[in-house]
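Notes for the one structure printed next.
Keep in mind the model is a prediction, meaning the values are calculated, not measured. Letters go in sequence order (proteins before strands), and every chain restarts at 1.
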Amino acid sequence: MLDLRLIRSDPDAVKAALARRGDVDAGAVDALLALDAERREATEAAETLRAQQKQDARAVAAAQKAGEDASAAIAAARELAEQVKARAAQAAEADRALQGALAALPNLPDPTAAPADEVVREVGEAWIPDFPAQDHLALAGPRVDMERGARLSGSRFAYLRGDLVFLELALVQWTLRTLAGHGFEPVIPPVLVREEALYGTGFLPDTEQQIYHLPADDLYLAGTSEVALASMHAGEVLAAEDLPLRYAGFSPCFRREAGTAGRDTRGIFRVHQFDKVEMFSFVHPGESQAEHERLLAIEEELLTALGVPYRVVNIAVDDLGASAAKKYDCEAWLPGQAQYRELTSTSNTTDFQARRLNVRFREAKGKPAVLHTLNGTAVAVGRTMIALMENGQQADGSVVLPEVLVPFGAPARLEPLG
RNA sequence: GGAGGGGUGGCAGAGCGGUUGAAUGCGCCGGUCUUGAAAACCGGUGGGCCCGAGAGGGUCUCGCGGGUUCGAAUCCCGCCCCCUCCGCCA
């Protein structure tokens, strides 16, 4: 949600910023300002009448207390009450329309968000094995069981088996420990969430077709723990000295992948359910750009420690989700596919989610003000295991895994299995 | 799933149809006193929206949303949440 005051005070700047995204109707801002004017007019009219009504009610009370006949005053007040009701309904309707228009606008892009996808840097070598490269599914063998997964739950569901399970758990444990060292409190959040949480994080209205819904309980399966982490402080006013607040959420993630039929159908690259460790920060508005770079640096630190070659992409402004002002993706090099593929992503959502979720902070003596939130993937477990397998592959079909994970219970290598 | 109780300001806790945005206590902020601190005393102390340059004014807000009424924290309806007991259960 954008700041209505900003839209009022500098509509041209807002229009120009939104125009960069390319997906916003040119007249949307003017339409919104018209609704705003309408709402203010209706509100003022309703409140003036309401003030009169309260005064009259007090007069009735005073008259009755004095033992006088108040029936004439009550009759007059009854008529006024009708007017108040009508005007208040009008004001409420205008406000609803305004809120709807406001909720439909995406965040303003950061000036440094790229006009087109821009590779910021490449780290590590985009290598090709000097033996026939295998992809993760071939390397995993029966440890990734797509057939049985599909039989159980349909396409894009998999059983993870054997060694791969220990690898996953080690990866998660190692990541959470590393993040704890960076000041992130580990969190295992609910994955079933109410609609408000999705609205508050900007996934609704925007990506409804990607979200699983359980109508019997009117709950949604979150596609990322970002939803739950962002909502953790909804409605709260945090003390400025408690910022930044950093959380590392570990949870399964659920995505319908509507509209991706036929894409990435091999293996576990794109599945309906995967586990992920997500970073989430609540920061002072002046700190969000620095925090964004910080989250990116942590993502790179993790990839580097795992020995995965990657490149950083400043994502094109017209490709940002509704809530992001700027986004970096880290794309890992996958020798099995001979291409870079998205592994992690970090977004500065500035005040967009915080305003929707009503998360504020207060300086020692100041008024509450909206803070900024950011999110970033620490480890998307499935895709990270893909990168580890494909980059660790040997000529004999075995896989050498990162040593850093071994103390956390990961196997040192995966032997070729059928 | 069944039966009951409850959600009031930062916290505790009154009010249960009439000038109550809300007693009282605690906390917090400022002041007096003090060498300093404590105690005591005095004053102040939520948030949103609208108008206004500001001072200030108006309005909404007693879990959330509706309704009844001239008037609702108080009455009615729906929803959310918390607690107790029973049942079921990882």
N/O (side chain, A:Arg39) to phosphate O (OP1/OP2, B:C50) under 4.0 Å:
yes
Side-chain donor-acceptor pairs under 3.5 Å in residues 5-20 of chain A, sequence neighbours left out?
| from | atom 1 | to | atom 2 | distance (Å) |
| --- | --- | --- | --- | --- |
| A:Arg8 | NH1 | A:Asp36 | OD1 | 3.1 |
| A:Arg8 | NH1 | A:Asp36 | OD2 | 2.8 |
| A:Ser9 | OG | A:Arg5 | O | 3.1 |
| A:Ser9 | OG | A:Leu6 | O | 3.3 |
| A:Asp10 | OD1 | A:Ala13 | N | 3.4 |
| A:Lys15 | NZ | A:Asp30 | OD1 | 3.0 |
| A:Lys15 | NZ | A:Asp30 | OD2 | 3.2 |
| A:Arg20 | NH1 | A:Asp110 | O | 3.1 |
| A:Arg20 | NH2 | A:Ala113 | O | 2.7 |

Determine the interplanar angle of the A:His233 and A:Tyr247 rings, folded into 0 to 90°, and report it as parallel if under 30°, tilted if 30 to 60°, perpendicular if over 60°.
tilted
Nearest-Å distance once atom P is located in both B:U45 and B:A55:
15 Å
Are the side chains of A:Leu139 and A:Asp135 in contact, using a 4.5 Å heavy-atom criterion?
no
Quick one: which of B:U59, B:G47, B:C70 gets closest to the side chain of A:Pro368?
B:G47
Is any side-chain heavy atom of A:Tyr220 closer than 4.5 Å to a side-chain heavy atom of A:Arg194?
no
Look at all strands and tell whether A:Gln53 reaches a base, only sugar-phosphate, or nothing, counting heavy atoms closer than 4.0 Å.
sugar-phosphate
Within the 4.0 Å heavy-atom criterion, would you say A:Ala57 contacts the bases, only the backbone, or no part of the nucleic acid?
base
Scan every strand shown for a Watson-Crick or G-U wobble partner of B:G18, both distances under 3.5 Å, and answer none if you come up empty.
B:C70
Can you find a side chain N or O atom of A:Arg50 that sits less than 4.0 Å from OP1 or OP2 on B:U59?
no
Which nucleotide wins on minimum distance to the side chain of A:Lys367, given the candidates B:G18, B:G47, B:C49?
B:G47
Distance test, side-chain N/O of A:Arg5 to OP1/OP2 of B:C49, below 4.0 Å
yes
If I pick the C1' atom on B:G87 and the same atom on B:G1, what distance separates them, to the nearest angstrom?
7 Å
A:Leu35 CG - B:C49 C1' separation (whole Å):
17 Å
Grab the CD-C1' distance between A:Glu44 and B:U59 for me, whole Å please.
11 Å
Single hit among A:Asn375, A:Asp329, A:Thr224 for side-chain hydrogen bond (donor to acceptor under 3.5 Å, both in side chains) with A:Ser345:
A:Asp329
Across every strand shown, the nucleotide meeting Watson-Crick or G-U wobble geometry with B:C33 (both distances under 3.5 Å) is none
Return a table of donor-acceptor pairs under 3.5 angstrom between the side chains of residues 294-304 of chain A and protein atoms on other chains or two or more places apart.
| from | atom 1 | to | atom 2 | distance (Å) |
| --- | --- | --- | --- | --- |
| A:Glu299 | OE1 | A:Thr344 | OG1 | 3.0 |
| A:Glu299 | OE2 | A:Thr377 | N | 3.1 |
| A:Glu300 | OE1 | A:Arg121 | NE | 3.1 |
| A:Glu300 | OE1 | A:Tyr310 | OH | 2.6 |
| A:Glu300 | OE2 | A:Arg121 | NE | 3.3 |
| A:Glu300 | OE2 | A:Arg121 | NH2 | 2.6 |
| A:Glu301 | OE1 | A:His182 | NE2 | 2.8 |
| A:Glu301 | OE2 | A:His182 | NE2 | 3.3 |
| A:Thr304 | OG1 | A:Glu300 | O | 2.7 |

For B:U45, what is the paired nucleotide under Watson-Crick or G-U wobble rules, both distances under 3.5 Å?
B:G27
With rounding to the closest Å, how many angstrom separate the P atoms on B:C26 and B:U19?
26 Å
Give A:Arg360 one of three labels, base, sugar-phosphate or nothing, depending on what nucleic acid heavy atoms sit under 4.0 Å from its own.
sugar-phosphate
Return the value, rounded to whole Å, for the distance between atom CZ of A:Arg362 and atom C1' of B:C29.
12 Å
Across all strands shown, which nucleotide pairs with B:A3 by Watson-Crick or G-U wobble geometry, both distances under 3.5 Å?
B:U84
If we take the C1' atom in both B:G13 and B:G25, what is their distance in whole Å?
8 Å
Heavy atoms only, 4.0 Å cut-off, all strands: where does A:Arg355 land among base, sugar-phosphate and nothing?
nothing
In whole Å, what is the span from the CG atom of A:Leu238 to the P atom of B:G47?
15 Å
Note: A:Arg156-A:Glu257 ion pair, threshold 4.0 Å (strictly below):
no
If I pick the C1' atom on B:U61 and the same atom on B:G44, what distance separates them, to the nearest angstrom?
22 Å
Take the angle between the ring planes of A:His272 and A:Phe157 and call it parallel below 30°, perpendicular above 60°, tilted in between.
tilted
Please confirm whether the shortest side-chain N or O distance from A:Lys85 to OP1 or OP2 of B:U69 is below 4.0 Å.
no
What nucleotide, of B:C70, B:C50, B:C60, holds the atom closest to the side chain of A:Lys54?
B:C60
To the nearest angstrom, the CD-C1' distance between A:Glu363 and B:C28 comes to 18 Å
Out of B:C51, B:C70, B:U19, whichever nucleotide has its closest atom nearest the side chain of A:Arg40:
B:C51
Can you check the distance between B:G17 and B:C86, where both ends of the measurement are the C1' atom (answer in whole Å)?
38 Å
Expressed as a whole number of Å, how far does the C1' atom of B:A73 sit from that of B:U8?
7 Å
Taking a pair to mean Watson-Crick or G-U wobble geometry with both distances below 3.5 Å, B:G65 pairs with B:C77
Whole Å only: how far is the CG atom of A:Asp218 from the P atom of B:C81?
12 Å
Would you kindly give the CG-to-P distance between A:Leu80 and B:U59, to the nearest whole Å?
13 Å
Which value, in whole Å, describes the distance between the P atoms of nucleotides B:U24 and B:G66?
32 Å
Atom-to-atom span, CG of A:Leu102 to C1' of B:G48 - whole angstrom:
15 Å
Can you figure out which of B:G71, B:C50, B:G18 approaches the side chain of A:Glu47 most closely?
B:C50
